[in-house]
2 protein chains.
Amino acid sequence: MNIGEASKASGVSVKMLRYYESIGLLPRAQRTESGYRVYRAEDVTALRFIRNARDLGFPLDRIEALLGLWRDRTRASAEVKLHAEAHVADLDEKIAVLQQMRDALRHLAAHCHGDDRPDCPIIDGLAGSAQPAPTSRSARRPASAASATYARIGV
Amino acid sequence: MNIGEASKASGVSVKMLRYYESIGLLPRAQRTESGYRVYRAEDVTALRFIRNARDLGFPLDRIEALLGLWRDRTRASAEVKLHAEAHVADLDEKIAVLQQMRDALRHLAAHCHGDDRPDCPIIDGLAGSAQPAPTSRSARRPASAASATYARIGV
DNA sequence: GATGCTCCCTCCCAAGGTGGGAGGGTCAAG
DNA sequence: CTTGACCCTCCCACCTTGGGAGGGAGCATC
């Protein structure tokens with residue numbers, strides 16, 4: 001099976017197949033004499049595993065761990081569950097941050113006329129000095145502080 | 001005011017101040033003879049505007065537009081509202097995708113013993129051939145397809 | 001005036017995943 | 001043998017942020 005066929009059979013793009021191999025998530029595929037990668041049916045199963053895990057939002061490093069557990073028939077399901085629950089927690093946090101953003105913005109937008117006049121609570125809200133300047137040493141800036149958490153969100 | 005002071009006063013990191021200037025989101029700051037950037041109080045107001053908009057998850061290009069509207073006293077509030085509502089829609093979509101992931105994963109995890117035994121519905125679910133292979137030409141793969149939407153999410 | 005500390009400068013690198021494309025080889029059908 | 005579809009390896013871009021190297025500027029203290 002060539003890379004294109006493996007891609008179609010697994011739902012993982014050709015680009016990603018090569019990338020996953022390059023970062024060591026996948027073992028180096030066998031090659032033909034001319035250098036073409038060759039995949040077997042078992043490989044496709046692993047690819048689908050990865051694909052499914054990506055669809056659930058697992059980051060690649062966690063997928064690597066899950067692949068290991070998948071192959072390890074003596075695994076404890078508790079270990080798998082830990083990964084799953086940690087990821088659920090990650091997702092929950094991201095969702096919470098996004099919801100806070102959305103709700104705050106919706107609140108501002110709700111009071112905006114949305115007509116030809118220039119006065120606008122949204123602009124006023126953005127211009128307001130809501131952020132008192134971080135004291136740099138102590139990470140104050142409580143739960144409502146999206147942006148501290150923000151950079152880490154990178155779905 | 002030096003860059004460090006402007007940073008503290010606005011809550012925008014020094015790194016980001018320089019970056020925003022480099023991409024043209026901010027006008028080039030005035031400089032001392034020795035090359036230090038100099039900021040005035042009005043500049044800090046704009047920085048706080050940006051900071052607030054980032055906290056609400058606005059991407060920089062939309063912030064650029066919002067800054068323009070902010071400075072334009074003849075703006076129509078409708079235009080601002082459009083940006084806000086578009087961003088709310090973006091947030092809603094991201095939230096929905098993340099929630100789907102979380103719910104699917106939670107469902108799998110709920111049936112996992114989480115003990116020493118190796119059998120695990122989470123692993124089984126990931127290994128299952130849920131993804132039938134994309135026909136590449138037509139983007140089937142319906143609403144539940146997180147990953148199509150996935151790449152675009154980049155909070 | 002020399003040392004030292006903090007601040008500033010400009011560049012480069014990293015991250016996460018994914019797609020796009022250049023430039024060139026390979027394979028099978030016609 | 002030619003053609004078109006496939007494959008190969010590199011490099012680049014996205015987006016935003018932080019980290020750090022290597023070096024200059026400014027101020028205070030000895």
Side-chain angles (χ1 to χ4, degrees), chain A residues 1-8 11-26 28-39 50-51 53-64 87 90 94 97 134 136-137 139 145-155, chain B residues 1-9 11-26 28-39 50-51 53-64 87 90 94 97 101 134 136-137 139 145-155:
Chain A
M1 194 167 12
N2 276 343
I3 196 172
E5 297 167 280
S7 169
K8 275 177 199 153
V12 179
S13 77
V14 169
K15 277 282 187 191
M16 285 306 102
L17 280 177
R18 292 195 274 243
Y19 174 66
Y20 293 160
E21 184 180 324
S22 80
I23 62 170
L25 180 62
L26 294 174
R28 254 169 296 192
Q30 280 196 329
R31 304 284 187 127
T32 65
E33 286 183 5
S34 55
Y36 283 26
R37 287 175 184 79
V38 179
Y39 297 88
I50 295 176
R51 169 66 198 258
R54 285 302 289 140
D55 280 355
L56 289 178
F58 279 101
L60 292 184
D61 52 358
R62 220 184 270 281
I63 293 178
E64 193 164 9
H87 185 50
D90 286 352
K94 287 169 189 168
V97 171
S136 79
R137 75 206 55 176
S147 79
T149 332
Y150 190 76
R152 295 177 226 141
I153 295 214
V155 176
Chain B
M1 192 167 17
N2 277 341
I3 196 171
E5 298 168 279
S7 168
K8 275 178 199 151
V12 178
S13 77
V14 169
K15 278 281 187 191
M16 285 305 103
L17 280 178
R18 292 195 272 244
Y19 173 66
Y20 293 160
E21 184 180 324
S22 81
I23 63 169
L25 180 61
L26 294 174
R28 254 170 297 191
Q30 279 197 330
R31 303 285 187 126
T32 66
E33 285 183 7
S34 55
Y36 283 26
R37 286 175 184 78
V38 179
Y39 297 87
I50 295 176
R51 170 65 197 258
R54 286 301 290 140
D55 280 355
L56 290 177
F58 281 100
L60 293 184
D61 52 357
R62 222 185 268 282
I63 293 179
E64 192 164 11
H87 185 49
D90 286 353
K94 287 169 189 167
V97 170
M101 292 174 176
S136 79
R137 74 203 58 177
S147 79
T149 333
Y150 190 75
R152 294 176 228 143
I153 296 216
V155 178

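Letters A, B, ... are given to chains in the order of the sequence lines, protein chains preceding strands, and every chain is numbered from 1.
The pair A:Arg51-A:Asp55 counts as a salt bridge, with a side-chain nitrogen and a carboxylate oxygen less than 4.0 angstrom apart.
Checking the phosphate oxygens (OP1, OP2) of D:dT17, a side-chain nitrogen or oxygen of B:Tyr20 falls inside 4.0 Å.
Between A:Tyr39 atom OH and D:dC8 atom P there is a gap of 7 Å when expressed in whole angstrom units. Separating the NZ atom of A:Lys8 from the C1' atom of D:dC6 is a distance of 10 Å, rounded to the nearest angstrom. Taking atom CG of residue A:Leu25 and atom P of nucleotide C:dG16, one finds them 12 Å apart after rounding to whole Å. Atom CZ in A:Phe58 sits roughly 17 Å away from atom P in C:dG16 (whole-Å rounding). For A:Ile3 and C:dC27, the CD1 to P distance is 16 Å, given to the nearest whole Å. Atom-to-atom, CG of B:Leu17 to P of C:dC8 comes out at 10 Å; the value is rounded to the nearest Å. Atom CE of A:Met16 is separated from atom C1' of C:dG16 by 11 Å (rounded to the nearest Å). Across the protein-nucleic acid pair, A:Asp61 atom CG and C:dA14 atom C1' stand 15 Å apart, rounded to whole Å.
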Below 3.5 Å is the cut-off: list the nitrogen or oxygen pairs between protein and nucleotides 28-30 of chain C, distance only.
none

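Checked against D:dT16, D:dC7, C:dC8, the side chain of A:Arg18 finds its nearest nucleotide in D:dC7.
For the pair A:Ile3/A:Glu21, no side-chain contact is recorded, criterion being any heavy-atom separation below 4.5 Å from C-beta on.
Here the options are A:Met1, A:Arg18, A:Gln30, the test is side chain to side chain contact (heavy atoms under 4.5 Å, CB included), and the partner is A:Arg37; only A:Arg18 passes.
To the nearest 0.5 Å, atom CZ of residue A:Arg54 and atom CE of residue B:Met101 are 7.5 Å apart. The CD atom of A:Glu64 sits 8.5 Å away from atom CG of A:Leu60, with the distance rounded to the nearest 0.5 Å. From B:Met16, atom CE reaches atom CG of B:Leu25 across 11.0 Å, with rounding to the nearest 0.5 Å. Atom CG of B:Leu26 sits about 8.5 Å away from atom OH of B:Tyr20, to the nearest 0.5 Å.
Pairing each heavy atom of B:Gly4 with each of B:Val14, the nearest pair is CA-CG2, 4.1 Å.
A rotation axis mapping the C1' atoms of four pairs onto the next four is fitted at both ends of the helix from C:dG1-D:dC30 to C:dG30-D:dC1 over five pairs, and the angle between these axes is 30° to 10 degrees.
Applying the 6.0 Å contact sphere to CD of B:Glu5 captures more than 12 heavy atoms from other residues, nucleotides or ligands. By the 6.0 Å contact criterion, CZ on B:Arg31 is enclosed, its count of non-hydrogen atoms from other residues, nucleotides or ligands being greater than 12.
Near DNA chain D, defined here as any heavy-atom distance below 4.0 Å, the residues from residues 30-37 of chain A are A:Arg31, A:Gly35, A:Tyr36, A:Arg37, listed numerically.
Side-chain N or O atoms of A:His87 include one that pairs as donor or acceptor with a backbone N or O of A:Leu56 at under 3.5 Å.
B:Lys15 contributes a side-chain N or O that forms a donor-acceptor pair with the base of D:dG19 under 3.5 Å.
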